[in-house]
Number of protein chains: 2
Amino acid sequence: MESNQSRAPSDAFGPSIYITQQQGTTRSAQQLLSPDERRRLALLASIQHFEAGDFLFHEGDPATTVYNIISGVAKSVALLEDGRQAVVAFFLNHDLLGMFEAQRYAQSAQAITPLTVYSLPIDALERLLRRDPNLQLHFLCKLSHELRAAQRQAIVLGKFSAIQRVALFLDFLDRHPQMHERDNEQVTIPMDRADIADYVGLRIESVSRVLQKLHRDRVIHVDGRHRFRILDRNAFNRAMGSPVTAPESIEASQSAIT
Amino acid sequence: MESNQSRAPSDAFGPSIYITQQQGTTRSAQQLLSPDERRRLALLASIQHFEAGDFLFHEGDPATTVYNIISGVAKSVALLEDGRQAVVAFFLNHDLLGMFEAQRYAQSAQAITPLTVYSLPIDALERLLRRDPNLQLHFLCKLSHELRAAQRQAIVLGKFSAIQRVALFLDFLDRHPQMHERDNEQVTIPMDRADIADYVGLRIESVSRVLQKLHRDRVIHVDGRHRFRILDRNAFNRAMGSPVTAPESIEASQSAIT
DNA sequence: CGTCTACTTGAAGTGAGTCAATAATGGTGG
DNA sequence: CCACCATTATTGACTCACTTCAAGTAGACG
């Protein structure tokens, strides 16, 4: 949190896995691994750098390595045989990439910004997980969080409007401390419009239009291509179509446990 | 040996987890658990029945139980605060339901047909998985398959047309032997149009129109509400937008590793 | 055999896509 | 440091796929 990277990783204690818990209003990130587990993982890991645009691996490659992101942003993309691309997920600090791909990587992974990662040979990792069931359970937990995130994304793509999709995506960035420089309101958008569009299931023109509409309506301030800030949190939450942060809308939303 | 439940289910050897592997053209289902592992799981499990329409659990309930389906079909649904429903997944024979929900179930689960399941208390299961890392690794493997399935679904919802979505859904049913009575071509559609619509991200009218169009075009035969059969496999594969089963289309599809 | 619900069909509306023309950005070399 | 160019993003006009609204029809079940 407070430190930065000297040349080793952010917090220099080895691989790191976070999950984000959502309890009603409060949201908290928590480290899944104990210092000791991180040390044991560090014994298998080596640190690797990628430039923006580099591929960590390609769809169909034999799956040999799991990556744990130390800094930077990556995406995982699937090619649709008609030439289009789908961005399946973005990966930030503490995320796990290339996990349990059953022989071959199911998607390609590409660095969006300069990237520093731990790379873990998959067979050594598997041996470790067989020896250490508690550690393995932490991986299981992370994986189940990814699953829930993927399901949420499927719901968003299946049911939500263009405005909702883009707002939800901006919210995803906003929730990540790494995207805020020195904890101000300013949020960095590391990827280009095409990546956003391929992630939220729209065309880049539609992404642009939504962004400009939110800007015109003074819900957010869009500053160039790679920066924005939320101006009106309530309006923004309304745009996402979710319950607002401050309790103020006493509508008909008090049936099931939300 | 196979002591425990004798009056029990179809294959009377305890919980069962399958994954479906896709190697180019060939597709194979494989049992992840050894007979011994299944026996050990059976010691924790009890068998439970549900009627069509019954809820196994509701969104927000404390997560206490993992279900392994013996027979029947269930769905997992999320409520969108505007009252709409999203069907996140359908669960068939051998599937795992309610896995690792971190305190509370993230979605509701409801039986679509009469349902028989093994129910596994989550804390006992967790203890077992801590003691048995190899078994745990099988759960990890299943979970990673679910993740990939959810990502695939997200791509489908984000990028594919109505025809493709419905065809892909029908293909999902067709690939499951349980949906074929006595291995003929006839496929059962256990769920109603609303469930299909909420799963593929369309309105029920659109699902109906696509179904009728495929019927009129003699790609499939729709027999009442709950039965169909594929008449023209190549046309059907074209409708899904995937590479055809029989190699016959030598178009421009030989670039990247597909 | 009648009634209820689930499904189908048609006509009209609309949100996002497409195509095409600018306009910002940002990187590069003069 | 600025001018230039190649990219990347925005904007506008038009189209189309899917939705919406509104009947009608057919299965299922008592």
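We name chains A, B, ... by the order of the sequence lines, and we start the count at 1 in each one.
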For the side chain of A/R209 and the base of D/dG12, is some donor closer than 3.5 Å to an acceptor across the two?
yes
Using atom [atom1] of [X] as one end and atom [atom2] of [N] as the other, report the distance to the nearest whole Å.
X: A/L202; N: C/dG15; atom1: CG; atom2: P; result: 14 Å
X: B/E205; N: D/dA17; atom1: CD; atom2: P; result: 18 Å
X: A/F160; N: D/dT19; atom1: CZ; atom2: C1'; result: 17 Å
X: A/L211; N: C/dT25; atom1: CG; atom2: P; result: 13 Å
X: A/R227; N: C/dA24; atom1: CZ; atom2: C1'; result: 15 Å
X: B/R203; N: C/dA6; atom1: CZ; atom2: P; result: 15 Å
X: B/I189; N: C/dA6; atom1: CD1; atom2: C1'; result: 13 Å
X: B/K213; N: D/dC18; atom1: NZ; atom2: C1'; result: 15 Å

Ring-plane angle category for [X] and [Y], please: parallel below 30°, perpendicular beyond 60°, tilted otherwise.
X: A/Y67; Y: A/F50; answer: perpendicular
X: A/Y199; Y: A/F172; answer: tilted
X: A/F90; Y: A/F169; answer: tilted
X: A/F55; Y: A/H58; answer: parallel

Check A/K159 with B/D198, please: is the shortest side-chain N to carboxylate O separation under 4.0 Å?
yes
So does B/Q48 have more than 12 non-hydrogen atoms from other groups sitting under 6.0 Å from CD?
yes
Does atom CD (B/E185) have a neighbourhood of more than 12 heavy atoms from anything else shown, all under 6.0 Å?
no
Protein-nucleotides 6-9 of chain D N/O pairs closer than 3.5 Å?
unit_1	atom_1	unit_2	atom_2	d
D/dT8	O4'	A/R225	NH1	3.4
D/dT8	O2	A/R225	NH2	2.8
D/dA9	OP1	A/R193	N	3.0
D/dA9	OP2	A/R193	N	3.4

Candidates B/R229, B/R27, B/R233 - the one meeting salt bridge (Lys or Arg N to Asp or Glu O under 4.0 Å) with B/D174:
B/R233
Would you mind telling me which of B/L170, B/L211, B/D223 makes a side chain to side chain contact (heavy atoms under 4.5 Å, CB included) with B/F228?
B/L170
Please confirm whether the shortest side-chain N or O distance from A/S206 to OP1 or OP2 of C/dG17 is below 4.0 Å.
yes
Rounding to 10 degrees, work out the angle separating the end axes of the helix from C/dC1-D/dG30 to C/dG30-D/dC1 (five pairs an end).
40°
Under a 4.0 Å heavy-atom cut-off, which of residues 214-223 of chain A touch DNA chain D?
none
Check A/Q178, A/R227, A/E181 against A/T188 for a side-chain hydrogen bond (donor to acceptor under 3.5 Å, both in side chains) and give me the one that passes.
A/E181
Per A/A162 side chain, nearest of listed nucleotides C/dA16, D/dA22, D/dC18
C/dA16
Is it true that the side chains of B/D192 and B/H226 contain a donor and an acceptor less than 3.5 Å apart?
no
